[in-house]
Amino acid sequence: MKGLFELGLVEARRRLLGDRNLFSISEVYHENSKIARNATGFALSAESIFVAPTGFKRYMHAPKVGLLAPEAKQASPILRAIAGRRSCRLYSGAPVAAKVIADLAFCSFGISDGRQLRCAPSAGGLYPLELYIIAMNVTELDAGLYHYDVRAHGLTELVKGDLSPQLVTAMPGLEGVEKSAALMVFTAVFGRSKIKYGERAYRFVLLEAGHAMQNICLAATDIGVGVCPVGGFVDDSLNDLLNIDGIEEAAVYAVTMGTPADSSNHAN
């Protein structure tokens, strides 16, 4: 009986995570695109300074059709949030309310109706993303690491204590980490999508992280909280902080948040 029970656990795990494929192209790409602890960082080169303001394409000799002037700033709240969204690089160090964490967690991919559908779309309704919150200066919430329980719309405390030193190691040189009130991290359980989509699941996972992150950015803009999406982190350090293996579940996107130091430190 014990053997059958163990086989049942293995089968359940396989269905939840998908079969491991040592020759998975997406897994090889994920490993090769990680940032290592000894990386020199991303320098702002002369080429990038030139390209940044010219990041668009034009067909100079094709017929043109004019459009009405955008009215987003005078239109509905969601359109104003889209037009007004900016990344916040510097924070004041003031705390944010626990309700802010609750609102942003829900808006990322919380369950929005009785059919278990979420606030962000997911390929095949498989929902490969998980959300972790590292609280540093949040009212009514102890400093530490939490996991967002989407079904209960609540937090599960995983680690208690100040994790700022580990964050600085995981995000070296990033502006705003020390004075941010909290950090949210999206992780992906890749197998949830791979059981249906195979290697293409990796694309869907990254797209879904973008959907969820934009929801956070727009919700934060609407309630007046500063946020800055972060893709440049030391993968192994952040995965270790979250106590995940970095293979079957790995960090794919993060966002700092807090009270803006002033209105002039926003960019892109």
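Residue indices begin at 1 and follow the sequence shown.
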Enquirer: I'd like to know if the side chain of K64 reaches the main chain of M60, judged simply by a donor and an acceptor atom lying under 3.5 Å from each other, with no hydrogens or angles considered.
Expert: yes

Enquirer: Which distance, rounded to the nearest 0.5 Å, do you find between the CD1 of I223 and the SG of C107?
Expert: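 The SG atom of C107 is 8.0 Å from CD1 of I223, to the nearest 0.5 Å.
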
Enquirer: Could you check if a side-chain atom of M184 sits within less than 4.5 angstrom of a side-chain atom of S108, using non-hydrogen atoms only?
Expert: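 No - every pair of side-chain heavy atoms lies 4.5 Å or more apart.
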
Enquirer: How many angstroms lie between OG1 in T169 and CG in D236, if you round to the nearest 0.5 Å?
Expert: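 The OG1 atom of T169 sits 13.0 Å away from the CG atom of D236.
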
Enquirer: Under 3.5 Å, side chain of E208 to main-chain N/O of L129, donor-acceptor pair present?
Expert: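 No, because the side chain of E208 does not come within donor-acceptor range (under 3.5 Å) of the backbone of L129.
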
Enquirer: Should we say atom NZ of K179 is surrounded by more than 12 heavy atoms from elsewhere, each under 6.0 Å from it?
Expert: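 It does not: K179 NZ has 12 such atoms or fewer within range.
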
Enquirer: Hydrogens and angles aside, do Y202 and S24 bring a side-chain donor and acceptor to less than 3.5 Å of each other?
Expert: no

Enquirer: With side chain to side chain contact (heavy atoms under 4.5 Å, CB included) as the criterion, how do Q166 and S237 come out once you've worked through the C-alpha distance, each side chain's angles and the decisive distance to 0.1 Å?
Expert: CA-CA 8 Å; Q166 291 94 314; S237 295; over 6 Å; no

Enquirer: Is M136 close to S180 at the side-chain level, that is, under 4.5 Å between some pair of heavy atoms?
Expert: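 Yes, close enough: below the 4.5 Å cut-off.
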
Enquirer: Which donor-acceptor pairs under 3.5 Å do side chains of residues 153-160 form with protein atoms, sequence neighbours excluded?
Expert:
from : atom 1 : to   : atom 2 : distance (Å)
H153 : ND1    : Y148 : OH     : 2.8
E157 : OE2    : Y146 : OH     : 3.4

Enquirer: Side-chain donor-acceptor contacts of residues 95-104 below 3.5 Å, not counting sequence neighbours, with atom names and distances?
Expert:
from : atom 1 : to   : atom 2 : distance (Å)
K99  : NZ     : D103 : OD1    : 3.4
K99  : NZ     : D103 : OD2    : 2.8

Enquirer: Between L241 and L167, is there a side-chain heavy-atom distance shorter than 4.5 Å?
Expert: yes

Enquirer: Is a donor on one side and an acceptor on the other found under 3.5 Å between the side chain of N137 and the backbone of G93?
Expert: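 Here the side-chain-to-backbone pair exists.
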
Enquirer: Give a yes or no on whether I244 and I35 share a hydrophobic cluster (residues Ile, Leu, Val, Met, Phe, Trp, Tyr; joining criterion: side-chain heavy atoms under 4.5 Å apart).
Expert: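 No, I244 does not connect to I35 through the hydrophobic network.
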
Enquirer: T187 and E130: side-chain donor and acceptor closer than 3.5 Å?
Expert: no

Enquirer: Would you indicate whether N243, at its atom CG, is surrounded by more than 12 heavy atoms from other residues, nucleotides or ligands within a distance under 6.0 Å?
Expert: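 Not more than 12 within 6.0 Å, no.
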
Enquirer: Under 4.5 Å between any side-chain heavy atoms of C119 and S112, yes or no?
Expert: yes

Enquirer: Once rounded to the nearest 0.5 Å, what's the spacing between atom CD of E248 and atom CZ of R192?
Expert: 11.5 Å

Enquirer: If you look at every heavy atom in I133 and L131, which pair is closest and at what distance?
Expert: CD1-CG, 4.1 Å

Enquirer: Check whether D245 reaches the backbone of E249 with its side chain - one donor and one acceptor, N or O, closer than 3.5 Å.
Expert: yes

Enquirer: Are the aromatic ring centres of F109 and Y127 under 6.0 angstrom apart?
Expert: no

Enquirer: Looking at F190, is its backbone amide N or carbonyl O close enough to the side chain of S193 to form a donor-acceptor pair, meaning the two atoms are under 3.5 Å apart?
Expert: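 Not a single qualifying donor-acceptor pair exists.
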
